[in-house]
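Just so it is clear, the values below take in all heavy atoms, side chains as well, and ignore hydrogens, waters and symmetry mates. Order of the sequence lines sets the chain letters (A, B, ...), proteins ahead of strands, with each chain counted from 1.
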2 protein chains.
Amino acid sequence: MDKSKLKVKLKSFFPNLDEESLHAFMKHSSYVKSTKGTKLISEGKRHGYFYLILNGGVKSYYSKESREVCMWFAFENEAIGTMTTYEGLPSKETVELLEGSELIRFEIEKIKELSRTSLSVIHLLNDIVIEHTLCIEERLYQLQFMSSEERYNALFETTPEILQRVSLTDIASFLGISRETLSRIRA
Amino acid sequence: MDKSKLKVKLKSFFPNLDEESLHAFMKHSSYVKSTKGTKLISEGKRHGYFYLILNGGVKSYYSKESREVCMWFAFENEAIGTMTTYEGLPSKETVELLEGSELIRFEIEKIKELSRTSLSVIHLLNDIVIEHTLCIEERLYQLQFMSSEERYNALFETTPEILQRVSLTDIASFLGISRETLSRIRA
DNA sequence: GGATTCATTTGACATATGTCACAAAATCTA
DNA sequence: TAGATTTTGTGACATATGTCAAATGAATCC
């Protein structure tokens, strides 16, 4: 991906970033293209990156004893990473490509270094964290108050595109139910 | 609460805050003392504050059709507020005193204003948000992977003091189970 | 294009947990 | 301290959903 195209892309992703930080971001980013199933971040390992999705999609999941539970999905024009990675800890989640995808990868440590002296960078990071937090809070709310059928309908209404691009097994785990139950809800 | 005592307190809460911001914080804070049951933040309403707990404790809960589900508890030396309040939206949660408590209250808008120009303030806010986020992520993980009994034991091991200070009804809702089920787990 | 693998559906059954009703214990209050 | 109120515990029962097993359908690959 050439420099000027990258710059336009980053500007549209991060409209509030000042010119100087934008260049620093570019310096610490690289273009990544990879196939379905590739793990951007693996559970238990330390990673130093967060990503922007140019096209394609990813799922994030926790796993325990061969059971996987999806925590979120993300597609074009979304910024992704895990909280634990951001904190410099081994990741609790795995983040994996749902399809062949193109992404921009950023070195977290460099960006965090910038954030120590740049207001526009730390505000950008803060905004990403907050949006993510509001999402999980909503998910937690739905798990506590809505039946599995209501959760499925809510997903169907708010983000129907997910149903087209994610397997029902993954969606079931995301909704907190078994694949068989989801199948029955749909019938 | 006199000014010098407040300053010492704030310094210990926010060791990384520079002197100038510290004074700004003090200017936009006030001392609050209130009794059990008082609502610091009510669901559906806009509020302009976040708090530090000097002593006492609070619970946060979502409610729907007379059912309450606790989302978190906080006690001495914790900073509290709701994500939606921080974002200037009507709160989704209610935050209520579990006991007679003393707190310091901060005007969010003023603090956010400071955060636009002060690195140490925005980093402070970011740290609070991140800690909160890691907590809910852990809660979500437990809800998906652990049985109600395991969740109870985890709570008992990590924060046994909660069991002393919070009613079993509230704990049950926090664990995502009915009060009767919690009673049976304990027996 | 047939075979192999993977994803989804369906059926039968077990079970954890919710719900309702009431009893017991603890706490508050006058 | 007695009575009222709130909190916690027990029993009986219903049910949503998980689990296991097998069948069908869809995608992938030599």
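Residue contacts for A:Thr169: at a heavy-atom cut-off of 4.0 Å it reaches the sugar-phosphate backbone alone, with no base atom in range.
In this structure, CD of B:Glu99 is placed 16 Å from C1' of C:dT27, rounded to the nearest angstrom. Separating the CG atom of B:Leu168 from the P atom of C:dA26 is a distance of 13 Å, rounded to the nearest angstrom. In this structure, CZ of A:Arg165 is placed 19 Å from C1' of C:dA7, rounded to the nearest angstrom. If you measure from atom CG of B:Leu98 to atom P of D:dT6, you get 17 Å, rounded to the nearest angstrom. D:dT28 atom C1' lies 10 Å from atom NZ of A:Lys36, rounded to whole Å. Atom CG in B:Leu163 sits roughly 11 Å away from atom P in D:dT8 (whole-Å rounding). Counting to the nearest Å, the C1' atom of C:dA7 and the CD1 atom of A:Ile171 are 12 Å from each other.
For the pair A:Arg139 and A:Phe174, the cation-pi criterion (under 6.0 Å, within 45° of the ring axis) is fulfilled. Geometrically, B:Lys92 does not engage B:Tyr62 in a cation-pi contact defined by less than 6.0 Å to the ring centre and at most 45° from the axis.
A side-chain donor-acceptor contact under 3.5 Å links A:Ser91 to the backbone of A:Glu93.
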Any N/O pairs under 3.5 Å between the protein and nucleotides 17-20 of chain D? List them or say none.
residue	atom	partner	partner atom	Å
D:dT17	OP1	A:Ser148	OG	3.2
D:dT17	OP2	A:Ser148	OG	3.3
D:dG18	OP1	A:Ser178	N	3.4
D:dG18	OP2	A:Ser178	N	3.1
D:dG18	OP2	A:Ser178	OG	2.9
D:dG18	OP2	A:Thr181	OG1	2.4
D:dC20	N4	A:Glu180	OE2	3.2

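Put simply, CD1 on A:Ile130 and NE2 on B:His132 are 11.0 Å apart, with the number rounded to the nearest 0.5 Å. Note: A:Asp127 CG to A:Phe14 CZ = 10.5 Å, rounded to the nearest 0.5 Å.
In this structure, of C:dT8, C:dT10, D:dT8, it is C:dT10 that holds the atom nearest to the side chain of A:Ala187.
No chain of hydrophobic side-chain contacts below 4.5 Å, direct or via other Ile, Leu, Val, Met, Phe, Trp or Tyr residues, connects A:Ile53 to A:Leu6.
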